[in-house]
Amino acid sequence: MAKIICNEKLSEDMFLITIEGDFPGEMGQFYMIRGWEDYPLLSRPLSIHEINDGSISFIYKVLGEGTLRLSKLQKDDNITLHGPYGNGFPKAEGRVALVGGGMGIAPLLYTAKKLHKTVDILDIYMGFRDEALLVDKYKQYADESYISIGSNITDQLDISKYDYILTCGPEPMIKRIVEMKEDNHTKIYVSMEKHMACGIGACLVCSCESKNGMTRVCKDGPVYLGEEIFYE
Amino acid sequence: MSNTKVNFGSVEFKNPVITASGTFGFGREYNEIFDISSLGGISTKGLTLNKRKGNKGMRVWETPSGMMNSVGLENPGVEDFINKEVPFLQDLNTNIIANIGGSTLDEYIEAVERISKEKVDMIELNISCPNVKEGGMAFGIKTDTARNIVREIRKVTNLPLIIKLSPNAEDIVAIAKACEEEGADGISLVNTFKGLAIDIDKRRPVFDNVYAGLSGPAIKPMALRMVNEVYKQVSIPIMGMGGIMNWKDAIEFMMAGSTCIQVGTANFINPKVSLEIVKGIENFMDRENIKSLEEIIGII
């Protein structure tokens, strides 16, 4: 059980929640979170947005009962976190681009913070449907940053400029990026999203078929090499 | 310190808490979180003779006080289980229950024969999975079909055999009696209730398989009633389950007639819940001055 430091409304339906405590975690990992006792039954998987001394934060969009309840929590309310779970992003090197679409920007802030000192180039691409959010927080870690509102962020991306692309967002966006890869050297890592129950790889409700067989998004993922995944 | 030991037929459990099939994998993931040897037993992910990929499409849907799943018996197959998981499980100090499912009688028989050569403590025959179109639950609806499969399986294994029953059975008491008559060593109940969820925007079912299995606290009162009804009509022991979220629920199931209890959906909410249930039962025994759990099993 931990205490909420703040639960800030970023837009109509997006929130930034910060929780007190020294929580471990690697870039791209997630926690199972519940801000209630018994109901809703399941916890919600949220990827790590930022870890600081004495706090961890997550961003989320209000989509259903659980995130609606989360959005109503206030400073000093209790919240339960299990984790960190999942494999997370690899330690990218050289020229690196982070590409986030909508809520998919969530795991990329901590990723940028971890990578910007060790890589040669760190560019950040952020695509939004209606309004740009949190852009300045990301820009501090970026050599170049690219923003799109209402259009495809991938239109601005030339993947041949990079050794690594780390991306998270809507599946059509991820698919467009993976399809850009032809014979070039760029390694594309994608973070996938699925409904989950246990979060640790036991229940198999988030399993999907990859080119290497069945895979558990919560345990074997959520990060995969782009070409391993079958897109819809 | 209370003695939580129970005898389930010929098999001794150090405590009555077992993790339910399909919610605990083969134990590895939870063993990273706590020492699973402190549990009474583990019922493995449902195994079939051959590897299965499981169902396509959405596999989980939350409901008021419950969840529906449509995993569809994704599993590595019996041979892979024996080679990769049994060595790990054998080193644990807890009872291992191999949960076996199938699509045809022959498939069940072959899988059970193969498992029976291994060092597992019991077989739990799953005739109640609602998520596999061609079989599983089909064996657990009609009493005569269930009777036949238990009779055939009994011939091919000397391992203690428990039959996992479906709450969707046409007459769960009659099926339980048939299992007993055909030589089953115990009954586990209940598997999930068959349910339906609809996506009204898409005007189609949430699950590709249309119907899916409901578990969690929503089913507890019905599961408890079924355990009690079966307890009154059979003399072989029962492993009760269905929405057990805490030690109080576990005690209720024991009072209703369960010798052991299985914890399923609750593992997802708190990965250490089964351990907490063991502790809760110990504390209850101390507080109530209960020397043996036999004192409370089936008192209702």
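Letters A, B, ... are given to chains in the order of the sequence lines, protein chains preceding strands, and every chain is numbered from 1.
For the options A:G64, A:G199, A:A202, heavy-atom pairs under 4.5 Å to chain B are most numerous at A:A202.
With a 4.5 angstrom heavy-atom cutoff, B:P64 does not touch chain A via any of its atoms.
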Counting backbone as well as side chains, what donor-acceptor pairs lie under 3.5 Å between chain A and chain B?
{"from": "A:L41", "atom 1": "N", "to": "B:E62", "atom 2": "OE2", "distance (Å)": "3.2"}
{"from": "A:L42", "atom 1": "N", "to": "B:E62", "atom 2": "OE2", "distance (Å)": "2.6"}
{"from": "A:R44", "atom 1": "NH1", "to": "B:E62", "atom 2": "OE1", "distance (Å)": "3.3"}
{"from": "A:R44", "atom 1": "NH1", "to": "B:E62", "atom 2": "OE2", "distance (Å)": "3.4"}
{"from": "A:R44", "atom 1": "NH2", "to": "B:E62", "atom 2": "OE1", "distance (Å)": "2.6"}
{"from": "A:L204", "atom 1": "O", "to": "B:R59", "atom 2": "NH1", "distance (Å)": "2.8"}
{"from": "A:S207", "atom 1": "OG", "to": "B:E74", "atom 2": "OE1", "distance (Å)": "3.0"}
{"from": "A:S207", "atom 1": "OG", "to": "B:E74", "atom 2": "OE2", "distance (Å)": "3.4"}
{"from": "A:E209", "atom 1": "OE2", "to": "B:K53", "atom 2": "NZ", "distance (Å)": "2.6"}
{"from": "A:R216", "atom 1": "NH1", "to": "B:E29", "atom 2": "OE2", "distance (Å)": "2.8"}
{"from": "A:K219", "atom 1": "NZ", "to": "B:E32", "atom 2": "OE1", "distance (Å)": "3.2"}
{"from": "A:K219", "atom 1": "NZ", "to": "B:E32", "atom 2": "OE2", "distance (Å)": "3.4"}

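For the salt bridge (charged side-chain N to carboxylate O under 4.0 Å, His left out) test, residues two or more places apart in sequence or in another chain that qualify with A:K113 are A:E50. Applying the side chain to side chain donor-acceptor pair (under 3.5 Å) criterion to A:T18, with sequence neighbours excluded, gives no partner residue.
Atoms CD1 and CD1, on B:I251 and B:I244 in that order, are 10.0 Å from each other to the nearest 0.5 Å. Annotation: the span from A:H49 atom NE2 to A:I51 atom CD1 amounts to 11.5 Å, rounded to 0.5 Å.
Annotation for A:K72: atom NZ does not count as buried by contact number, only 12 or fewer foreign heavy atoms lying within 6.0 Å.
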Got a list of side-chain donor-acceptor pairs under 3.5 Å for residues 9-16 of chain A, not counting sequence neighbours?
{"from": "A:S11", "atom 1": "OG", "to": "A:M14", "atom 2": "N", "distance (Å)": "3.3"}

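In this structure, B:G27 and B:F88 approach most closely via the heavy-atom pair C-CE2, 4.1 Å.
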